[in-house]
S.K.: 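Have a look at this one before I ask anything.
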Amino acid sequence: MRSLLTSLLLLTRQVQHSLTYTLLSNQSLQHLIPPPPFSPFTYPDPDFDPIHSTLLAPILQPRVPGTPGHAAVQHHFTSFIRNRLHPSWQVLWHNTTSTTPATGDRQVPFQNLILRRDPPWASDAGEGEVARLTLAAHYDSLYRPEGFVGAIDSAVPCALLLFVAQAVDEALTRRWEGMESDGGGLEEEKGVQILLLDGEEAWVEWSEVDSLYGSRALAEAWEGTRYEAGSSFSTPLEAISLFVLLDLLGAAEPNIPSYFPSTHWAYQHVAKIEGRLRKLGVLETKPRKPFLPESDKEGVQFFRGFVQDDHVPFMQRGVDILHIIPTPFPAVWHTMDDDGDHLDVPTIRDWARIMTSFVAEWMDLEGYVPEADPRRAENKYSEKQEL
Ligand SMILES: [Zn+2]
C-alpha cells in the first residue's frame with residue numbers, strides 16, 4: 001500500500017441492515033484461545049513459528065503473481081482449507097489478467113481466493129439473503145527488490161485470517177446446527193468470508209493503474225453481479241456487512257488508528273475486546289499502549305485521510321471499511337528485512353486472539369465456544385496433509 005494519506009471522500013451506505021452483535025462472556029474469551037500456560041500454543045508455535053509452523057512458514061517466500069512461489073502459496077492455502085476447515089466452506093477463485101508497467105505486453109494472472117461460509121439454510125433462502133462479514137488481506141508480494149518475502153506485508157495477515165476461520169469453525173457449526181434443528185435462522189442470515197487478494201502491490205510505482213489489481217477487479221465484478229430480483233441484497237458487493245482489511249501486522253508495538261468515523265463503532269468493538277483480553281491476562285504482549293488506542297476519538301479528531309490499500313475499490317462503491325493497519329508503518333516495510341526473522345510471534349498470537357474474538361462476537365457465538373481447543377485436532381477433515 002502507499003503510505004501517503006490522501007483526501008477522503010466518504011460514501012455512506014444508503015441502506016443500513018440491522019445486525020446483531022453479541023459480546024462474549026469472560027469464560028468464552030478465555031476458552032476461545034486460552035492464555036499461557038494453558039495455551040495450546042507450544043514452542044515452536046505450530047501455526048505462527050516463522051520456520052517450523054504449518055500455517056505461516058509456507059507463506060514466507062516470494063509470491064510475485066505468475067511465479068512458482070506464488071503458485072506454491074496458493075496450493076498451501078487450498079491444502080490448509082481442505083485439511084483443517086469444515087467442508088461447508090466454499091472456495092471460489094476470481095481470475096483476471098492484466099499487463100503491468102514492469103512486464104510489457106505479457107498478461108500477468110491475478111487470482112483472488114474467496115473462502116466463504118454461509119448458514120446451511122442459505123442456499124434455500126437464496127444467495128442474496130446473506131450479509132457477510134468480509135475479512136481481507138493480500139497474499140502477493142513485491143516484484144522488486146528481488147527475493148522480497150513480505151512477512152508483515154501480508155503473509156502474517158493471511159495466516160491470521162485462516163487461523164481465525166479455523167478457530168471459530170466448530171462454534172459456527174454448533175450454532176448453525178442448533179438453529180437449524182429449531183427451524184430457526186429465518187430472520188437472520190449472516191455469513192463470513194475471507195478474501196485472500198492478489199496483486200495489491202505496485203510493480204513499478206504506485207498509481208491508480210499500477211496497484212490493487214485483484215481488489216479493483218473483484219469490486220467491479222461484484223458490483224456487476226446481480227442476485228435474484230427481490231433479494232435482500234442486490235449484489236455480492238452490497239451483501240458485505242463490513243469489510244475488515246488486515247495489513248502490515250506482525251511487528252511488535254503496532255499503533256492502529258481508527259481511520260473512518262462511519263465504522264468507529266466496529267473499531268471500538270475490537271478495542272474493547274483487546275482491553276478485556278488484556279485484563280483477563282489472555283494476551284501475551286505488554287505493549288506501552290494498546291494496539292488499538294483510539295476508542296475515545298471523536299468527530300473532529302478524524303482527519304480526513306487514509307492509507308491507500310485494497311479497501312479503496314470497495315470503499316469507493318459504498319462498502320463500510322475497518323482498516324487494521326498500523327500508522328506509522330513498521331520500519332521493515334518494503335525492505336528486505338520484512339522477513340520471518342523480524343516478526344514478533346507473541347504479537348501475532350495476540351492478533352489471533354483479538355481477531356478470533358471479534359469474529360466470534362460478530363457471528364454471535366456466545367454459548368457455542370467449545371471448551372477444548374478445536375485446533376488440537378489437526379487435519380481433522382483429511383487423512384493426509386499435502387505440503
Ligand atoms: Zn506492500
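Order of appearance sets the numbers: ligands from 1, and atoms from 1 within every ligand. The figures here come from the full heavy-atom set of this structure, side chains too, leaving out hydrogens, waters and symmetry mates.
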S.K.: Please round to the nearest 0.5 Å and tell me the distance separating atom CD of Gln308 and atom CG of Leu212.
M.R.: 7.5 Å
S.K.: With a 4.0 Å cut-off, would you call Glu284 and Arg278 a salt bridge?
M.R.: no
S.K.: Go through it in stages, so that I can follow the logic: the residues are Ser141 and Glu201, the test is side chain to side chain contact (heavy atoms under 4.5 Å, CB included), and I'd like the CA-CA distance, side-chain angles, deciding distance and then a yes or no.
M.R.: CA-CA 7 Å; Ser141 62; Glu201 301 285 8; 5.9 Å; no
S.K.: Take the angle between the ring planes of His264 and Tyr267 and call it parallel below 30°, perpendicular above 60°, tilted in between.
M.R.: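 Geometry flag for Tyr267 against His264: parallel rings.
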S.K.: Any N/O/S atom of His138 sitting less than 2.8 Å from the Zn ion (ligand 1), backbone or side chain?
M.R.: no
S.K.: Any N/O/S atom, backbone or side chain, of Asp153 lying under 2.8 Å from the Zn ion (ligand 1)?
M.R.: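 Given the 2.8 Å cut-off, Asp153 counts as a ligand of the Zn ion (ligand 1).
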S.K.: Give a yes or no on whether Glu201 keeps an N, O or S atom under 2.8 Å from the Zn ion (ligand 1).
M.R.: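 Yes, within the cut-off.
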